[in-house]
Structure formats: C-alpha cells, structure tokens
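Below: one structure in structure tokens.
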Amino acid sequence: MFRSTEYTQESQNAMLVRGEIVAFDSIDGDHVRGLNAEPQESSDAAFFRSLGLGKPYVEAFTARALNNGSTFEAELLASGMVTEDAYFGAFARFLRLPFMAELDGCQVVDTSSLDVQLLETRMVRLSPRNAMPYIAIVPDVASIERLKEALDASPDLGRDLVVTTPSSLRKAVWQAGEQRRTRQTLNALLDATPHYSARITLLGTQGFLLGVGAAILICATLFSPSLTFNLMHILTAALYMAAILFRLAPLRLRPDRRTLKLVEQSQDQQLPVYTILVALYREEAVVEQLVNALNRLDWPKSRLDIKLVCEADDAITLASIDRIQLGPHIEIVHVPFSLPRTKPKALTYALAGARGEFIAIYDAEDRPHPKQLREAYARFRDGCDKLASLQAPLIISNANVSWMTSSFSLEYSALFRRMLPMLARMRMPLPLGGTSNHFRASILRSVGAWDPYNVTEDADLGMRLYRMGYYSDVISYQTLEDAPTDISAWLAQRSRWFKGWLQSWLVMMRSPIKIAHEMGWKAYLVFHLLIGGMLLSSLTHPLFIIYLLTVGGTIITHGPASLSSSQLVLACIDTLNLVGSYTIFLLMGQRAMIDHERVMVGKRWMYTPIYWLMLSAAAWRAIYELRYKPFVWNKTPHTPVSKNK
C-alpha cells in the first residue's frame with residue numbers, strides 16, 4: 001500500500017534541490033568533525049546531516065523563520081530550494097516511515113472538527129475499506145526529537161504511521177468534508193441570522209405592503225391620472241435631486257496619504273499570515289497574469305496563504321493553473337457544484353481553510369500594488385478592534401480603449417477616490433467594492449462572512465458589518481483592473497450589480513424603524529441616499545428624458561403657451577436634475593484623477609448621457625432578473641492586459 005523508502009549513506013553527503021539529489025560540500029570540516037565526535041547527536045542535527053543541509057543554510061532559514069515569525073519548513077519550502085515531496089520524503093526516510101505523496105480523501109472520515117487540519121496541518125486518520133486504518137502525519141523540525149524518541153521507544157507505533165506533505169493532507173481534508181462544508185456555506189447565514197440573508201427576496205410583510213402600494217397607485221391613477229402623475233413626478237424628482245446633491249459633498253475631498261509614510265517607515269519583522277482569496281470561474285485567459293501579480297506582493301511568501309478558489313467542474317481554468325508552477329504558498333480550492341453558483345458562495349466555502357489573521361479578496365484580472373498588504377496591515381495594527389475591513393481604490397487601466405471604458409473609469413474614480421473616503425471619514429457604512437477588500441478574519445467569521453445568495457456580496461457585507469457594530473475604512477495603495485470592452489458584457493455585469501443592490505436594499509427594508517435605530521438615523525439616511533439613490537436615479541433617468549422630449553415636442557407643435565405652469569416647472573426641474581447628474585459625475589471623476597488618466601479619457605466624457613442611458617437599461621434589466629433569476633451570477637469575461645492595448 002505504501003511506497004517503500006530506503007535510508008542510504010549517500011544521503012548524508014547530499015542535498016535535496018527541487019526534488020533531486022545533488023552533491024553538496026559546503027559544511028566546514030570542523031563542523032563535520034564536531035558532529036561525528038558528538039556522542040549524543042540531536043535528532044534535528046542528524047536530520048539536517050542526512051539531507052546534507054549545511055550549517056549556513058540551517059542558520060539562514062532558522063534566522064529567517066525567527067524574523068518572520070514562521071517555521072523552518074515554511075522558509076525552506078518558500079525559498080524554492082526544496083519541494084514538498086523531496087523534503088517530507090527525506091523526513092520519512094529519516095524516521096524510517098513510509099511516505100505517501102498523495103492521500104485518498106475518500107478514506108478520510110469527515111467530522112465536525114476535521115477542518116481544523118486545514119488551519120493547522122498536522123495529521124489525519126484514514127480508513128481504507130480493505131485494510132487497517134492508519135494515520136498520515138506532517139512532521140516538522142520542532143517536533144522531530146519527540147517523534148524520534150517515541151518511535152525508538154515503541155517500534156510498533158510506526159506500523160500505523162505514514163508521512164505526507166501539508167498540501168496532500170489539506171487536499172484530502174477538502175475532499176472529505178466537501179458535502180458538509182457545502183451545506184454550511186449555503187445555510188449558515190440563513191439559519192443563524194435569517195434577517196440578514198437575501199435567500200428570500202421579499203418577506204411576507206414586504207410583499208403585502210408592496211401589493212397594497214401598487215393597488216393604491218393604480219386606483220389613484222384611474223380616478224385622477226393627472227394629479228397622480230404630477231405627485232409621483234414631483235416625488236421622484238425630489239428624491240433624484242437629493243441623491244445627486246449628496247454626491248456634491250465629497251467633491252473637494254483631498255486624498256489622505258498619511259498611511260503611506262507609516263508603510264515606508266515600518267520595520268515590522270514578524271508579520272502575521274495573510275490569506276488571499278481569489279474566486280475563479282472560466283478565467284483561463286488571465287490565470288498566469290494573476291499569479292504573477294500576486295507573486296509581486298511585498299509580503300514574505302512563508303507568511304502568505306493564497307487560495308485560488310475554482311469550481312470543481314471548471315476543467316479549463318484548472319488545466320490552465322496546472323500549467324503554472326505554483327509555490328507552496330498558493331493552494332487550489334475546488335468548490336463542489338451546487339446552486340447558486342456565485343462568487344460569495346465560493347469565497348465562504350474557501351474561508352474554512354483560511355489560515356491568515358487577515359484576509360484579502362481579489363478578482364482574477366486584478367493587479368494590486370505590491371505594498372497594498374503592508375498598508376492594510378499597518379492600518380489594522382494601529383486601528384481599534386472595531387475596524388473590520390479596508391477598501392483599496394480600484395483604478396481602471398484601459399480607460400483609453402473606448403468611450404465606455406472611459407466612462408467606467410470616471411465612475412470608479414468618483415466612487416473609490418471621493419465617495420468612499422468621505423464616508424470612511426464620517427464613520428458611515430461603506431458599500432465595499434467587490435475586490436481589494438481586506439478583513440480581520442475573526443470578525444469576518446463572526447458576522448457570517450458573505451451571503452451566498454446576494455450577487456453584490458460586497459455592499460451587503462459592508463452594511464452588515466456596520467449594523468453589527470463594526471466600521472470600515474479606506475487605504476491608498478491601488479489595484480489596477482480593466483473595464484469590460486464589450487457592451488453585452490458590461491450590461492450583464494452592471495445588471496448583476498443593480499440586482500445585488502436591490503437585494504441589499506430589500507434586506508435593509510425588512511424592519512425599517514428597527515434597523516434605523518440599530519444603525520443610527522444618519523447612517524440609515526446615507527445608505528438610502530447612496531444605494532437607494534443610485535437605484536432610483538438609474539431607473540427614473542430615462543423617464544425624465546421622455547418627459548422632456550414630450551414637452552419639447554408640444555412646444556414645437558403648439559407653442560409654449562400650450563403648456564401649463566406645472567408642466568413648465570416640472571420640465572425645468574427635470575432639466576436641472578439631468579444636467580446636474582452629468583456635471584457632478586464628470587467633476588467627481590475627473591478631479592480625483594491624475595493628469596495621465598485625464599489624458600486617457602480625453603474628450604470621451606461627452607458620451608456621458610449615453611452611458612447614463614446604459615445604466616438605466618441595466619437597472620431595468622435587474623428588476624426583471626430579480627423576479628425571474630435572482631441568484632444567477634452574470635459572468636464577466638476577462639482578457640490579459642496585453643490584449644487590451
């Protein structure tokens with residue numbers, strides 16, 4: 001059942017490099033004589049000698065482990081000198097135990113505590129159908145003395161043990177617990193706090209009130225259509241104006257870059273483990289670009305826990321990843337098929353194995369600034385315990401490709417470099433972006449993580465964190481990403497966003513008075529102006545244009561005298577709203593940009609009215625999708641940066 005291994009004399013004078021045995025003679029003579037003369041050589045020294053791992057290397061990796069707060073194994077494997085199979089295979093030979101490079105997850109008995117091995121990979125019990133059970137262990141230098149003594153004292157103990165690698169053990173644990181973990185992912189938030197879950201689109205009370213409101217509106221329209229129309233027009237125009245005026249507030253805001261100095265001056269040595277989660281689905285085109293970007297992050301690889309979270313049936317993406325040489329700090333998590341197939345479901349599933357004290361979320365096409373983790377850690381370290389999340393600014397790098405990407409760039413500039421920083425300074429709730437979020441792992445788990453049924457999980461989580469007494473902030477180091485260049489892809493993506501914002505708004509409207517007291521009336525009003533205002537302005541924008549066209553046609557046909565005073569007033573208000581929304585959109589976006597970005601946008605800002613009509617089309621499509629396919633995730637295709645230039 002096991003692959004037999006032999007302990008040979010030659011291995012004492014060799015070193016394992018990338019899984020191969022090569023000559024190594026860097027051990028000085030005095031050290032060798034000292035080892036040979038030592039009557040009671042320690043087990044770790046004997047193990048290093050069996051590897052041919054000389055004193056300079058041992059001291060270097062030990063010092064690196066002390067500096068980074070990691071382990072000898074983590075530093076050695078992160079260096080790339082030794083592969084997992086080679087190192088732990090040598091461990092097995094030294095302990096005279098069988099070595100298994102692969103474990104069968106079907107032989108692991110799933111228990112409620114099994115996922116502990118995803119966090120602290122030590123051992124797991126396997127129960128083959130036609131053989132005796134055995135235990136697969138992942139030894140380390142710190143425990144080698146005790147383990148060697150136990151095996152020498154009780155030789156029979158070795159009959160039930162095999163040595164394996166950390167990645168093989170975690171892979172078996174992921175496989176063994178996938179059904180239990182999937183159930184927990186789908187139901188945990190709904191079971192624990194159903195009032196936070198978007199699984200039910202409309203509660204009974206909400207549906208009843210919506211029906212009553214629709215009935216009243218229909219009756220009023222039948223009995224007094226002119227009055228009803230004017231009242232509805234005035235109400236929507238007033239709310240529209242309030243939403244766009246709210247966006248004037250951060251117009252003069254200046255970026256806060258105090259943290260950048262802290263990052264430059266920081267001399268942190270012992271850094272915590274930082275987990276990075278990236279949900280991938282049909283992303284074979286950008287996998288290599290993603291891995292290269294993540295490997296450029298300024299963080300010790302021995303303290304990185306990167307998880308590429310893939311759908312188990314996404315064979316093309318998995319094959320693309322297999323063609324890349326991943327380091328031991330990168331792990332592939334296979335998410336079993338289940339509905340809904342959403343990004344928040346995949347992230348919550350992978351959270352079970354997140355080993356980091358802090359967690360960052362990136363998208364497949366992202367290129368985060370190398371120092372972004374450093375800045376986020378500095379803010380968490382110096383912030384209070386209630387600081388739950390940080391949002392990095394997202395910058396569109398292909399703004400010069402088309403008028404659509406230019407408009408997208410203006411929109412992101414206004415949101416991430418003006419609106420969110422203002423809300424953060426006011427300690428208001430932040431509708432987080434879908435990527436470049438950084439979390440305290442303990443808080444993220446305590447609030448139920450992401451809602452698998454909300455297709456704009458980022459905004460939903462930002463609201464939930466605030467409701468539960470936490471706050472979010474922003475950082476300065478950016479993440480570059482590309483906007484969709486195809487109209488159909490843009491429309492599908494934006495419809496999903498609007499659908500998710502509608503889900504989040506409905507969740508927040510389940511108990512309006514209670515939630516207002518819970519959040520505070522000021523924060524509750526900000527939420528409605530930001531999320532509700534965005535939805536309302538997008539939905540009503542084409543209606544105002546239609547009204548103005550109708551009024552204009554009447555003036556051309558019958559003259560201005562044919563219009564009533566109320567019609568003229570409403571036309572003026574609508575004109576003011578439309579011009580104001582375009583102007584604020586442009587001012588907010590351009591003032592936050594650097595000169596290079598403004599050059600990239602050029603004169604494409606003139607397409608802003610068309611872009612707003614596209615937003616309206618996406619919003620109305622979202623209404624339809626919320627009714628007929630509320631949990632469908634509209635996939636946005638991505639291409640490498642070089643193909644966009």
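Position 1 is the first residue of the sequence, and the numbers go up from there. Because the structure is a prediction, the values reported are computed rather than measured.
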*Output, in order, the C-alpha distance, side-chain angles, deciding distance and verdict of salt bridge (charged side-chain N to carboxylate O under 4.0 Å, His left out) for K343 and D363.*
CA-CA 10 Å; K343 173 184 172 182; D363 280 345; 2.8 Å; yes
*If you count the non-hydrogen atoms of other residues, nucleotides and ligands that lie under 6.0 Å from OH in Y471, is the total more than 12?*
yes
_More than 12 heavy atoms of other groups within 6.0 Å of F229 CZ_ =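 Counting other residues, nucleotides and ligands, CZ of F229 exceeds 12 neighbours.
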*Is it possible for you to check whether R494 lies under 6.0 Å from the centre of the six-membered ring of F408, through NZ or CZ, and within 45° of that ring's axis?*
yes
*Give me the one residue out of I361, T348, L461, N437 that meets side-chain contact (heavy atoms from CB on, under 4.5 Å) with L444.*
L461
*Parallel under 30°, tilted from 30 to 60°, perpendicular over 60°: which one fits the rings of Y582 and W612?*
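If you compare the ring of Y582 with that of W612, the planes turn out perpendicular.
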*Salt-bridge test for E625 and R621: reply yes if a basic N is under 4.0 Å from a carboxylate O, no otherwise.*
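Here E625 pairs with R621 in a salt bridge, since their nearest N and O are under 4.0 Å apart.
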*Full working for side-chain contact (heavy atoms from CB on, under 4.5 Å) between F498 and S538*: CA-CA 9 Å; F498 277 119; S538 297; 3.3 Å; yes
*Could you tell me whether K635 and E283 make a salt bridge, using a distance below 4.0 angstrom between a side-chain N and a carboxylate O?*
yes
*Please step through side-chain contact (heavy atoms from CB on, under 4.5 Å) for the pair L189 and R464, ending with a clear verdict.*
CA-CA 12 Å; L189 183 65; R464 193 177 342 132; 3.8 Å; yes
*Charged N to carboxylate O under 4.0 angstrom, R341 versus D313?*
yes
*asked:* If I compare all heavy atoms of I475 with all of P393, which pair ends up nearest, and what's the gap?
replied: O-CD, 3.1 Å
*Atom CE of M588 and atom OG of S413: how far apart are they, to the nearest 0.5 Å?*
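One finds 8.5 Å between CE of M588 and OG of S413.
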*Report yes if the distance between the aromatic ring centroids of Y611 and Y607 is under 6.0 Å, otherwise no.*
no
_Just checking Y240 against F544, ring centres under 6.0 Å apart?_
yes
*asked:* Could you check, using the six-membered ring where one of them is a Trp, whether Y349 and W174 have ring centers closer than 6.0 angstrom?
replied: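 Yes, ring centres under 6.0 Å apart.
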*So, D191 and R199, do they make that salt bridge, N to O below 4.0 Å?*
no
_In this structure, is the centre-to-centre distance between the rings of H438 and F380 below 6.0 Å?_
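Distance test on ring centres: not under 6.0 Å, no.
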*For the student: nearest non-hydrogen atoms of A441 and I359, plus distance*: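 Scanning both residues, the minimum pair turns out to be CB-CD1, 3.7 Å.
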*Steps toward side-chain contact (heavy atoms from CB on, under 4.5 Å) verdict (F439, L465)*: CA-CA 11 Å; F439 299 96; L465 286 169; 4.3 Å; yes
*If you draw a 6.0 Å radius around CD in Q206, do more than 12 non-hydrogen atoms from other residues or ligands fall strictly inside?*
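Enclosed: over 12 neighbouring heavy atoms sit under 6.0 Å from CD of Q206.
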